[in-house]
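Notes for the one structure printed next.
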Amino acid sequence: MIKVAPSILSADYVNLQRDIEMVDKGGAELLHIDIMDGAFVPALSYGPGWVKAIRPITDLTLDVHMMVQSPERYIDTFADAGADIIGVHTEATPHIHRALQMIKNKGVKAEVVINPGTPVAAITPVLYMVDQVLVMTVNPGFGGQKFLPETVKKIAALNEIKKSQNLTFDIEIDGGVNDSTVVPAYQAGATVAVAGSYVFDNDDPVSRIQALKDATK
């Protein structure tokens, strides 16, 4: 059964604590927080102050996805704010090993992220040091996009490497996730699903979390 990480990008900002408490009680395991700088991706979103404000109101794992250029500049700040996992895009820095090393040095779980156009080979040298790999199943920067089915092959390739090298990282998917698209991704090896609009754009977000879990039993 897949673990679910609702993305607060689609939550009600005015009633954010209510929405977080709702998905927590509804069975979510992580809370996905998208950090966007307006440069690496066109959109602009939260800073470390959001993570610091969210940390005291939930025991959910705070999964901070940094869609920013030169993420090394902000790793310590987000770690100090209370992030449990920090994800950095391999496309956003020429020093991906160093960035991941910085995350681990802060006692935070390290995640490497790849865009749809980036091959798995680009991150194989650092897979031994990560706790999670995020496969973008849409192009990053905007919610509500359609799942790209060709990304399932990358999930399968990562899962093969994971098994052959006896590694333990989670494989997370992000983008266009619903109770249909999650099935082939889960079958290929995905263990965590980020869901934003699918969960929060519904009158009953908890039922959507359960639908993702039911689809992957």
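We use all heavy atoms of the structure for the numbers below, so side chains are in, but hydrogens, waters and symmetry mates are not.
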* Please list, chain by chain and in numerical order, all residues satisfying salt bridge (charged side-chain N to carboxylate O under 4.0 Å, His left out) with K52, sequence neighbours excluded. =>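 Result, salt bridge (charged side-chain N to carboxylate O under 4.0 Å, His left out) vs K52: none returned.
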* List for me each residue that meets salt bridge (charged side-chain N to carboxylate O under 4.0 Å, His left out) alongside D179, sequence neighbours excluded, and say none if there are none. => none
* Whichever hydrophobic residues join V113 through chains of side-chain contacts under 4.5 Å -> L134, M136, V138
* Shared-cluster residues of V206, by chain and number - hydrophobic side chains joined below 4.5 Å -> M22
* Asked: Which heavy atom in T93 sits nearest to a heavy atom in E72, and how many Å separate them?
  -> OG1-OE2, 2.5 Å
* Asked: Applying ring pair (Phe, Tyr, Trp, His ring centres under 6.0 Å), which residue pairs with at least one partner in residues 183-209 are found, sequence neighbours left out?
  -> none
* Check whether any side-chain heavy atom of I114 sits under 4.5 Å from a side-chain heavy atom of E91, and report yes or no. =>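 Result yes, sub-4.5 Å side-chain heavy-atom pair found.
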Set of side-chain hydrogen bond (donor to acceptor under 3.5 Å, both in side chains) partners for [X], sequence neighbours left out:
{"X": "K146", "result": "none"}
{"X": "D19", "result": "none"}
{"X": "D170", "result": "K3, T191"}
{"X": "D201", "result": "none"}

* Asked: Between E21 and T58, do the side chains contain an N or O donor and an N or O acceptor separated by less than 3.5 Å?
  -> no
* To do: For residues W50 and Y13, establish whether the separation of their ring centroids is below 6.0 Å.
  => yes
* To do: State whether the side chain of D174 and the backbone N or O of V194 hold a donor-acceptor pair below 3.5 Å, judged by distance alone.
  => no
* **NZ/NE/NH1/NH2 to OD/OE distance under 4.0 Å, K109 and D84** =>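 Salt bridge flag = no for D84 with K109.
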Side-chain polar contacts of residues 210-217 - donor-acceptor pairs under 3.5 angstrom, sequence neighbours left out - could you list them?
residue: Q210; atom: NE2; partner: D214; partner atom: OD1; Å: 2.9
residue: K213; atom: NZ; partner: I2; partner atom: O; Å: 3.4
residue: K213; atom: NZ; partner: E29; partner atom: OE1; Å: 3.1
residue: K213; atom: NZ; partner: E29; partner atom: OE2; Å: 2.5
residue: D214; atom: OD1; partner: K217; partner atom: NZ; Å: 3.2
residue: T216; atom: OG1; partner: I2; partner atom: N; Å: 3.0
residue: T216; atom: OG1; partner: L212; partner atom: O; Å: 3.0
residue: T216; atom: OG1; partner: K213; partner atom: O; Å: 3.2

Name each donor-acceptor pair under 3.5 Å that joins a side chain in residues 33-40 to protein atoms two or more places apart or in another chain, with its distance.
residue: D34; atom: OD1; partner: H32; partner atom: NE2; Å: 3.1
residue: D34; atom: OD1; partner: H65; partner atom: ND1; Å: 3.1
residue: D34; atom: OD2; partner: S7; partner atom: OG; Å: 3.2
residue: D37; atom: OD1; partner: A39; partner atom: N; Å: 2.8
residue: D37; atom: OD1; partner: F40; partner atom: N; Å: 2.8
residue: D37; atom: OD2; partner: Q69; partner atom: N; Å: 2.8

* For Y128, enumerate each residue passing the ring-ring contact (aromatic ring centres under 6.0 Å, His included) test, keeping only those at least two apart in sequence or located in another chain. => none
